[in-house]
Amino acid sequence: METSELFVAGSREKFSELHQRMGVQGVFGENSPIRIMEAFRAPGVQEKQRGISGDLSSSIFEVALHWPNSGSDSILRSFARYARSCGARAEVDRSIPVSGIMFMPVVANRDELGELSKFSFLRVLRPMPTLRTMHPIERSVIAPGFAVPSLPNKAALDPSIRTAIFDGGLPPEGPLKAWADGLDADGVGPIVEKYLDHGHMVTSAALFGPLKSGQSVPQPYASVDHYRVLDENSDDPYLLYDALERIRSVLEEEAYDFVNLSLGPSLPIEDDEVHPWTAVLDEYLSRGKTLLTVAAGNNGDQDRESGNARVQVPSDCVNAIAVGAADSDRLYWERADYSAIGPGRSPGLVKPDVLTFGGAAYNPFHFVPRFPGGDVLSACGTSFAAPAVLRIAAGIRAHFGGHMKALALKALLVHCAQRDESSIEEAGWGRIPDEIEDFVVCKPNSVRVLYQGDIEPSQVLRMPIPLPEDIGKGDIKISATYCINSPTDSRTPNAYTGSAIHPLFRPHAEKMSKEESVHPATTAFFQNSDYMSESELRHGAHKWETVKHKSKTFRASSLLRPVFDVRHLSRIDQLADNASEKVEYALVVTISSKDPDIYNKVVRAFGGRLEILQPQIEVPISLQP
């Protein structure tokens, strides 16, 4: 049975007193929050160390210190002194505090690590990861036989949308300058040509998606600010922290609707620790103002048993969209061999969130030339799938306008993904469509409804499923997707999210579970049973997940004014420096039946309660008969 392991700080005298009290019968009274304590111990040196084996090529390590609300400054000073006494050096000026943890680089020799790990408030010590900037599969090559297309002569469709890309920079006189501004983040050094290649291709994917032979280059939905965060110091062991600080500074100063990251630590996620890249980005995204797409990583062909094929940091962010790569944009597709796989950490178990075309050796991703008059480039990688998804989200936002919030766009992307026969570990929620009309136009015999707003802790909202009562025959398919922005706590990976949505599905307004019941009976929708233990809910129904998605089919006769009753669950009072507060939610529901007039029936029956989303800008789409 699962239990909790807590980190507790105190004096030696208090721990001795606790040990004596544990030997007394009934020491924990009726009002005590502690029911039973199995054991307590001091964390050992070996369990604090991660990846300290074999030959270590670097003397730079990353440590995480417990960072309580009180006494944190003295802990930092004490650790700096203790590190010096061990012969090591703590880089205090590069430290990054986030949600109760202080992350910091340390310079040390191998034989100093044992003593260093004895520091009481040291939580974890591991080799400093490198920054994944250029995977071999991403190298650009000229695409022979691909005719050089003409670029559009129009500005971005919606100039009000603000998009940022953090990458290797843009060529100063490249062909993308009409829609993309190349900016240098503070403190970045000289330009590196191979990083410019990568930055150009990522930006081309964000503006145009994959180019298709014989087709014109589409008009961009939004313009891009491309921040160069990489420089010639690619061997700098502190590059990981420098790049994160550059990204963090920009995000704190500028308000962006969309952000893309096609770089990050070269480190598959681990279940028992959260990396500072993930913690910093999740904390920023919990505000609910920005949609972030993150490349899942190109390590999917590595060893699965060891975990080396799992999604890489920071695509384990629960408030972002981790994007993997599919090998084709046609009807039949599979996960590209190189694309990183799940599962993610729990919470955040479904990773990558979605796939889209990222190219394959026999069918690469094509980009506009880097120089005017140059050749079309081609490459493969999740680095290009991520900005391609961002482009689709920007197109939906351009079409519907600013009242479509970032979280609603995330929910819509997940909702419209198709997984087919692929496993959830391979494809997440599935491959998203590559045409805007699949998101903004209801399919035949169906209607799609979006709810979005704020919800208070413990508040329950009733969200009707708009099913007309005159549809009483045949099968009704209901697909539902919930998303929530959650505060996070990097101290407790297994309780990482502070908020969750707990939906109860009530299919029939006149069927009660008991005569004295006030509300209609519930039926399982997102879980196999409504009577699961807490442990089963955690593993089977993912109680604290920020995204829930399911499709179920019902007999029309079993449905009458169906609703979701949604409760906001919050454990935020446990988190560092936080008080319980409302969070944003989004729900997308699609109702499908054999009735060809279901859309019009919903509009007539629920016109007073539902608002038809009207296009704010006409996005070029093709309607199929």
Side-chain angles (χ1 to χ4, degrees), residues 130-143 146 165-170 176 192-212 224 226 229-230 234 243 259-268 292-302 308-315 320-329 333-342 351-368 370 376-392 426-428 431-432 434:
T130 58
L131 193 67
R132 52 181 168 111
T133 52
M134 285 290 290
H135 190 285
I137 204 165
E138 294 176 351
R139 290 175 181 166
S140 62
V141 296
I142 295 173
F146 197 109
I165 290 175
F166 297 97
D167 211 274
L170 280 179
L176 305 182
V192 178
E193 283 297 314
K194 67 176 181 178
Y195 294 160
L196 288 184
D197 278 345
H198 191 260
H200 168 82
M201 292 188 294
V202 168
T203 306
S204 174
L207 292 172
F208 311 114
L211 303 188
K212 298 181 181 180
V224 169
H226 183 120
V229 296
L230 305 178
S234 58
V259 176
N260 180 78
L261 276 178
S262 292
L263 49 79
S266 182
L267 181 70
L292 170 67
T293 50
V294 185
N298 297 331
N299 53 309
D301 53 359
Q302 298 188 21
N308 288 330
R310 289 178 73 180
V311 293
Q312 293 190 316
V313 175
S315 58
I321 296 182
V323 182
D327 63 355
S328 174
D329 55 357
W333 57 273
E334 294 180 343
R335 175 189 64 88
D337 292 342
Y338 58 80
S339 184
I341 64 170
K351 294 290 177 179
D353 291 274
V354 296
L355 304 184
T356 194
F357 177 62
Y362 55 86
N363 183 25
F365 198 114
H366 291 103
F367 315 87
V368 302
R370 180 177 162 181
V376 170
L377 301 175
S378 66
C380 307
T382 59
S383 285
F384 317 121
V389 168
L390 195 74
R391 172 182 173 270
I392 293 293
E426 296 266 338
R431 189 190 69 167
I432 68 165
D434 57 0

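Here, residue 1 is the first one in the sequence, and each next residue gets the next number.
- Within 6.0 Å of CD in Glu334 there are 12 or fewer heavy atoms belonging to other residues, nucleotides or ligands.
- Across Ala336 and Gly359, no two heavy atoms sit closer than the pair CB-O, 4.1 Å.
- In this structure a side-chain-to-backbone donor-acceptor pair under 3.5 Å is present from Ser339 to Ala325.
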Between Leu263 and Val229, is a side-chain contact (heavy atoms from CB on, under 4.5 Å) present by the stated rule, with each step listed? CA-CA 10 Å; Leu263 49 79; Val229 296; 4.1 Å; yes
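- There is a side-chain donor-acceptor pair under 3.5 Å between Thr293 and Asn260.
- Using modelled atom types, one finds no donor on one side chain facing an acceptor on the other under 3.5 Å when comparing Asp167 with His226.
- The two residues Gly300 and Ala309 have their closest heavy-atom pair at O-CB, 3.8 Å.
- Nearest heavy-atom pair across Ala361 and Cys380 is N-SG, 4.0 Å.
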Dump the intermediate steps for side-chain contact (heavy atoms from CB on, under 4.5 Å) on Asp327 and Asn363, then the final yes or no. CA-CA 7 Å; Asp327 63 355; Asn363 183 25; over 6 Å; no
Would you sort out whether Ile432 and Val389 count as a side-chain contact (heavy atoms from CB on, under 4.5 Å), showing the intermediate values? CA-CA 8 Å; Ile432 68 165; Val389 168; 3.7 Å; yes
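- Using a 4.5 Å heavy-atom threshold, the side chains of His200 and Val202 count as separate.
- Taking CG of Leu377 as the reference point, atom CE of Met201 lies at 7.0 Å (rounded to 0.5 Å).
- Using modelled atom types, one side-chain atom of Ser262 and one backbone atom of Ser383 make a donor-acceptor pair closer than 3.5 Å.
- Expressed to the nearest 0.5 Å, how far CG of Asn298 lies from OH of Tyr338 amounts to 6.5 Å.
- Between the OG atom in Ser315 and the CD1 atom in Ile321 there is a gap of 12.5 Å [rounded to 0.5 Å].
- Residue Ala386 comes nearest to Ala295 through the heavy atom pair CB-N, 3.7 Å, listed as atom of the first residue, atom of the second, then distance.
- The two atoms that bring Leu390 and Val259 nearest to each other are CD1-O, 3.7 Å, heavy atoms only.
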Hey, mind stepping through Asp197 and Arg370 against salt bridge (charged side-chain N to carboxylate O under 4.0 Å, His left out) and telling me if it holds? CA-CA 8 Å; Asp197 278 345; Arg370 180 177 162 181; 2.5 Å; yes
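- Judged by distance alone, the side chain of Arg335 and the main-chain N or O of Ala326 form no donor-acceptor pair under 3.5 Å.
- Contact of the Pro387 side chain with the Ser204 side chain is not registered, since no non-hydrogen atoms from C-beta on lie closer than 4.5 Å.
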Evaluation steps, salt bridge (charged side-chain N to carboxylate O under 4.0 Å, His left out), between Lys212 and Asp434: CA-CA 12 Å; Lys212 298 181 181 180; Asp434 57 0; 3.7 Å; yes
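- Panel note: side chain Arg310, backbone Gln312; no donor-acceptor pair is recorded below 3.5 Å.
- Once rounded to the nearest 0.5 Å, the distance linking CG of Leu261 with CD1 of Ile165 reads 10.0 Å.
- The aromatic rings of Phe365 and Phe357 sit parallel, their planes meeting at an angle under 30°, below the 60° perpendicular limit.
- The distance from the OG atom of Ser266 to the CG atom of Leu131 is 8.5 Å, given to the nearest 0.5 Å.
- In this structure a side-chain-to-backbone donor-acceptor pair under 3.5 Å is missing from Asn299 to Ala340.
- In this structure, the ring of Phe384 has its center less than 6.0 angstrom from the ring center of Phe367.
- In the model, Ser378 has no side-chain atom that pairs as donor or acceptor with a side-chain atom of His366 under 3.5 Å.
- A heavy-atom distance below 4.5 Å is not found between the side chains of Val323 and Leu355.
- Looking only at distances, a side-chain donor or acceptor of Thr203 sits under 3.5 Å from a matching main-chain atom of Gly199.
- If you take CZ on Arg431 and OG1 on Thr356, they are separated by 7.0 Å, rounding to the nearest 0.5 Å.
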